[in-house]
Amino acid sequence: MAKILIIEDNPANMKLAVMLLRNAGHFVMSAVDAEAGLAMARADHPDLILMDIQLPGMDGLAATALLKHDPATASIPVIALTAMAMRDDVEKARLAGCDGYIAKPLRYREFYAAIDAELPRLESRSPGTLSDSA
Ligand code: MN
């Protein structure tokens, strides 16, 4: 189980993502714009952030760059959510500091796989586990 923050302005995508995360046993926090999401990330330090790229006001790329340049939040993995499933956008997300990428519309297998890809990193932070292989 992880504490996951999702920042997404589309109500249907938010509803689906929250349902999928809760079904997997995660604790979910949500924000509908980057400014509110940044405040939650700083205050609550989630284990993982799902970041919509197209947001009203500050976009998800700018918000991710801010998180990754702040020592208080730089270690939190960020997975980009975007409908623009093009190589150029994947590159932009990586350059902004995103650790992973999920294309919309959300497909549950791809969604869980992208999140599970970050879980070993989360577990490796816990005391008492075997040293990571990275
Ligand atoms: Mn959006």
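Order of appearance sets the numbers: ligands from 1, and atoms from 1 within every ligand.
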For a distance under 2.8 Å, tell me if Gln54 has an N/O/S atom near the Mn ion (ligand 1). yes

Using a cut-off of 6.0 Å, state whether more than 12 heavy atoms not belonging to Lys15 lie near its atom NZ. no

Among Ile6, Ile7, Leu5, find the one that has a side-chain contact (heavy atoms from CB on, under 4.5 Å) with Leu50. Ile6

Tell me if a side-chain donor or acceptor on Asp9 pairs with a main-chain N or O of Val32 at a distance below 3.5 Å. no

d(Thr82 OG1, Asp52 CG) to nearest 0.5 Å is 7.0 Å

Can you name the N/O/S atom of Asp52 that is nearest the Mn ion (ligand 1)? OD2

Which is the closest N/O/S atom of Asp9 when seen from the Mn ion (ligand 1)? OD1

